[in-house]
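Heads up: the structure comes next, in structure tokens.
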Amino acid sequence: MAEVKRVAIKATNQLREVMAKHFMELGEAAKMKNKKIAWCSSVGPAELAHSLGFLVYYYENHAAILGSNRTASDYIPIANAHGYSPEICSYLTSDIGAYLKGETPLTKAYGIDKVPKPDVLLYSTNQCREVYDWMTFYAHEFKVPLLGVNTPRTQRQVREDTVKSVAAQLEQMVPELEEIAGRAFDIDRFREILVISRECSRLWEAVLETAAARPSPLTFFDACIHMGPAVVMRGREEANDYYRLLLEELKERVNQGIAAVEGERHRFYWEGMPIWGKLRSMSELFSSLKACIAVSTYCSSWVFSGFDPKDPFQSMARAYCSIFIVQDDKAKEDYIAEKVEHFGIDGILYHDARTCPSNTNNRYGMANRLSERLGVPNLIINGDLNDLRCFSEEQTVTNVEAFVEQIEESR
Ligand code: SF4
């Protein structure tokens, strides 16, 4: 593989500080018991929890850290031995396995000896049923309430009866959350949080949009790292401050023509989840082939521009029912087609993540349909988000190299 040179994104130092603040606050609150803690799924009702003064801990983010530091494969067998199948979500199995072993990567990173104990567990099945199954384990372990929203999936369009149902479910959570929080719900505070969260979405979307420039100032792999605050701190001003800084730097990189991939020749779309334990090696592989993955479904999933403080519950319900993962294939294909055109994409990469069917979209003919429709070739990469036993690096390198060669030859 050719040596990869690149100009580092300076804002990464601030990113580390912002993320550290988030975890240190949680660690402190768990230790001092001075603030209530809500565990929440990544596209769940975090804004509601924030408005009631909860600190929010995201269990999927914790699982992604286990994937990134490649300890997930040590913990998955522990959950398997506890009755959780190797075929189900490896976020769930690695996280539960780590818990059963009494370990967390937060210890090494932030000196937090165990995951912060929740006062309430929140979920939304808009992304998958697994978040519910995952949290039932912890509801039993910690003996705390489990509250959530059940959202229909595979929608042709967002139906008003669905929005009404989800909005009603959100409102129904309020009395119990008030009791756990020990404070009254303040609708004006909820509106304020939605505005802050919407601004986070706007800024994060603007960050991703800079990748439309040629050459692109960031790649999918960078975005996977920098999306942290949009996932775990939306609804907090610190996230917005961070994205203002990052956006300024990326715009400057665009003005100066600083490329994320030196000599960028090919531009790809990444559909599906990251392979967390292989971010660096995959980033280096594509860079060495002068290929920039400029856009992805995954990193765009934390854009909730529909939040409206004038209609807080309905607009939040509509935003959470409109995410990509909820849609049917036709809507997903239209979404990808628009991005392929806008970002000038030469090829689409589908990550077939063994243990996450919800975030794997190539299994029902989409790859062929879209390639035919757009005249853009595709490559399916078999792997997994956390379980590296499902990923062959050697095979993937061979396939990616052949794919790039094929595109090169067709020019
Ligand atoms: S969307 Fe996939 S990876 Fe995420 S929690 Fe659900 S099954 Fe797991």
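Start at 1 and go down the list; that is how both ligands and their atoms are numbered.
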Which atoms of ligand 1 are found less than 4.0 Å from any heavy atom of [X]?
X    : result
C128 : 1 (S), 5 (S), 6 (Fe), 7 (S)
Q127 : 1 (S), 4 (Fe), 5 (S)
N359 : 1 (S)

Subject >> Distance-only polar pair, side chains of E209 and H342, donor-acceptor under 3.5 Å >> reply: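 Per modelled atom types, E209 and H342 side chains form a pair under 3.5 Å.
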Is it true that a side-chain atom of [X] and a backbone atom of [Y] form a donor plus acceptor pair closer than 3.5 Å?
X    : Y    : answer
E130 : C89  : no
D384 : T355 : yes
S371 : V376 : yes

**OP:** Confirm or rule out an N/O/S atom of C89, from backbone or side chain, lying less than 2.8 Å from atom 8 (Fe) of ligand 1.
**Re:**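 Yes - counting backbone and side chain alike, C89 has an N, O or S atom under 2.8 Å.
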Original post:
Taking the six-membered ring for Trp, are F137 and Y99 ring centroids under 6.0 Å apart?
Top reply: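 That pair passes the under 6.0 Å test.
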**OP:** Assert yes or no for the condition that the ring centre distance of F268 to F403 is strictly below 6.0 Å.
**Re:**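 Centroid distance F268-F403: below 6.0 Å, so yes.
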Original post:
At a non-hydrogen distance cut-off of under 4.0 Å, which region of I88 contacts ligand 1 (side chain, backbone, both, or neither)?
Top reply: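 For I88, no heavy atom sits under 4.0 Å from ligand 1.
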Original post:
Any idea which protein heavy atom is nearest atom 2 (Fe) of ligand 1, and the distance to it?
Top reply: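 The protein heavy atom lying closest is C356 SG, 2.3 Å.
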Original post:
Non-hydrogen atoms of M273 versus ligand 1: any pair closer than 4.0 Å?
Top reply: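 Flag set, M273 near ligand 1.
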